[in-house]
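Data first, discussion second: the structure below is written as C-alpha cells.
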There are 2 protein chains.
Amino acid sequence: MSHGIAIGKVSEGSGVKIPTIRYYEQIGLLPAPPRTEGGRRTYDHKDIERLSFIRHSRELGFDIDQIQTLLALQDRPDQSCADADAIAKARLAEVARKIASLTALQAELKRMVEGCSHGRVETCRVIEILADHDKCKHHQQAN
Amino acid sequence: MSHGIAIGKVSEGSGVKIPTIRYYEQIGLLPAPPRTEGGRRTYDHKDIERLSFIRHSRELGFDIDQIQTLLALQDRPDQSCADADAIAKARLAEVARKIASLTALQAELKRMVEGCSHGRVETCRVIEILADHDKCKHHQQAN
DNA sequence: CTTGCTCCTATAGCCACTGGAGGATGTACG
DNA sequence: CGTACATCCTCCAGTGGCTATAGGAGCAAG
C-alpha cells in the first residue's frame, strides 16, 4: 500500500548517491518531495527517472545549468528541440576541443617520458622540459 | 641598483597571475620572498623560473602535490629521476584514459545530435537518449 | 523492547584558484 | 615638496559539484 520510495532506494535505482540527491534538491535541480510524518523524503518513480536523466547528463559532462534547461525541455514535449540540439552540439564541440588539447598533452608527455634517460635528474628530460617551456609547442588547457 | 623584482613583473615574466602567486606562497609551493620596508614582495629570476616550471606543469595537468615532488627533484640534480619518470608516466596513463573516455563520449554525443530530427522535443533523440541510459553503451567519466 | 539500519540537519572540506573591498606604498611629474 | 596614479598589501568570500562528518531521530524485525 505504501507508495513513497525512500531515498536509499531512489539512490540505488538511479545511481545517484544519497547526499547528492539532497544536494540536487537544495540547488533546485530536483523538486522537494513530500515527507513522512517523521520527516523522511518520499519519492516516486518519476523522481528516479529524473535522477537517471541527470546522472546520465552529468556523465556526458553537461553542467547543472544545461541540465536544468534539458529537464525543462523534457517536460514540454510539444516544443521545438532546437535548444536541446544546441546544448548537445555545444557540448560536442567542447569535447572535441578537449580531446584535441589532451592529445597534444599526450604527445608532449610521451616525448618527456621517452626522452628520459632513466639516469640522474641532471640529465632528465622530464624535468628539463618542464623547466623550459620553449622546448615544446604551446598549448592551452589540461584536464 | 635595486635588485628585487616586483610581483607584477614576476607575474608577467612567468605567466602566473598575481593572486595565484600569492596563493602558491600560502600553500608552500613557492618560498616566501623577502619584503621591502613597505612590506612588498621582492623576487629574483629564480622565482620566475620556478613559477614558469609550475605553470607549465599545471598546463600538463599535474596536481600541486606532484609539482611539489617535481620541484624538489629539480633542486637535487644528482638524484635518480625515477620519481619524475613515474609521475610523468602516471599522468600519461591518466591522459590516455581521459582521451578514451572522451572519445566514447564524443561518439554518444554525435549519435544524439545526428539522430535529432530537429522537430519537437517529443521525438528528439537528444532528450530520449538522456532519459534512457539503456539506449547507449555504458561508460565512466566525463570531462 | 531493543538492536541496528536508514534517515535527518547542519556544517565543513575538497581542488586550484579568482575576485573584491578597503587600505598602504612607491614613483613620476609639475 | 605635493599630488596623482599605478601597484601593491591583507583578508575574506565565492566558484562547481559534490563528499564527509557529527550528532541525532525514525522505523522495522526479532
Side-chain angles (χ1 to χ4, degrees), chain A residues 1-30 32-43 47 51 53-71 91 94 98 140-143, chain B residues 1-30 32-43 47 51 53-71 91 94 98 140-143:
Chain A
M1 275 294 161
S2 74
H3 44 266
I5 309 163
I7 197 167
K9 300 289 166 198
V10 172
S11 172
E12 261 178 66
S14 65
V16 180
K17 287 178 191 160
I18 293 174
T20 307
I21 295 173
R22 292 196 278 245
Y23 167 72
Y24 285 160
E25 180 182 326
Q26 200 188 303
I27 62 169
L29 191 59
L30 192 70
R35 304 280 188 120
T36 64
E37 282 179 29
R40 298 190 170 196
R41 290 168 179 83
T42 55
Y43 296 95
D47 294 312
L51 279 167
F53 185 103
I54 293 169
R55 183 177 64 94
H56 192 194
S57 302
R58 287 293 302 132
E59 279 169 359
L60 288 170
F62 294 104
D63 63 27
I64 301 290
D65 262 12
Q66 291 172 327
I67 296 173
Q68 282 279 27
T69 306
L70 290 169
L71 279 168
R91 178 63 190 150
E94 213 179 301
K98 213 135 206 175
Q140 299 95 286
Q141 314 160 27
N143 255 26
Chain B
M1 275 293 162
S2 76
H3 44 265
I5 309 163
I7 198 167
K9 300 288 166 198
V10 172
S11 173
E12 261 178 65
S14 65
V16 180
K17 285 180 192 160
I18 293 174
T20 306
I21 295 173
R22 292 197 278 246
Y23 168 72
Y24 285 160
E25 179 183 326
Q26 200 189 302
I27 63 169
L29 190 59
L30 192 70
R35 304 280 187 121
T36 65
E37 283 179 28
R40 295 186 175 202
R41 291 169 177 83
T42 56
Y43 297 94
D47 294 312
L51 279 166
F53 185 104
I54 293 170
R55 183 175 64 93
H56 192 194
S57 302
R58 287 292 302 130
E59 281 170 359
L60 287 170
F62 294 104
D63 64 27
I64 301 290
D65 262 13
Q66 292 172 327
I67 295 173
Q68 282 278 29
T69 306
L70 291 170
L71 279 168
R91 177 64 189 150
E94 211 179 303
K98 213 137 206 174
Q140 298 95 285
Q141 312 160 26
N143 257 25

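These numbers come from a predicted model, not from an experiment.
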Starting from [atom2] on [N], measure out to [atom1] on [X] and report it in whole angstrom.
X      : N       : atom1 : atom2 : result
K9(B)  : dT7(D)  : NZ    : C1'   : 10 Å
Q68(A) : dG16(D) : CD    : C1'   : 14 Å
Y23(A) : dT19(D) : OH    : P     : 10 Å
I18(A) : dC18(D) : CD1   : C1'   : 15 Å
D65(A) : dG16(D) : CG    : P     : 8 Å
F62(A) : dG17(D) : CZ    : C1'   : 17 Å
Y43(B) : dT7(D)  : OH    : P     : 16 Å

Under 4.0 Å between any heavy atoms, over every strand shown, what does I64(A) touch: base, sugar-phosphate, or nothing? Just pick one.
sugar-phosphate

State, with a plain yes or no, whether a side-chain heavy atom of S57(A) is found less than 4.5 Å away from one of F53(A).
yes

Within the side chain of [X], is there an N or O that forms a donor-acceptor pair under 3.5 Å with the backbone of [Y]?
X      : Y      : value
S11(A) : I7(A)  : no
R40(A) : A6(A)  : no
T42(B) : P34(B) : yes

Can you check side-chain contact (heavy atoms from CB on, under 4.5 Å) on L29(B) and I67(B), steps first, answer last?
CA-CA 8 Å; L29(B) 190 59; I67(B) 295 173; 4.2 Å; yes

If the sugar-phosphate is the primed atoms plus P, OP1 and OP2 and the base is the rest, what is the B/S/- string for nucleotides 21-30 of chain D, using protein heavy atoms under 4.0 Å?
----BBS---

Using the heavy-atom set of chain B and a strict 4.0 Å cut-off, write down the first and last nucleotide of DNA chain C that makes it in, 5' to 3'.
dA16(C) to dG26(C)

Taking atom NZ of K17(A) and atom CZ of R22(A), what is their separation to the nearest 0.5 Å?
13.5 Å

Nearest 0.5 Å please: distance from the CD1 atom of I18(B) over to the CZ atom of R41(B).
10.0 Å

Does this structure show an ion pair linking K98(A) with E94(A), if we count only N-O contacts that are shorter than 4.0 Å?
no

L51(A) vs Y24(A), test: side-chain contact (heavy atoms from CB on, under 4.5 Å). Steps then yes/no.
CA-CA 9 Å; L51(A) 279 167; Y24(A) 285 160; 3.8 Å; yes

Note: for R41(B) and Y24(A) on DNA chain D, the residue whose nearest nucleotide lies more 5' is R41(B)

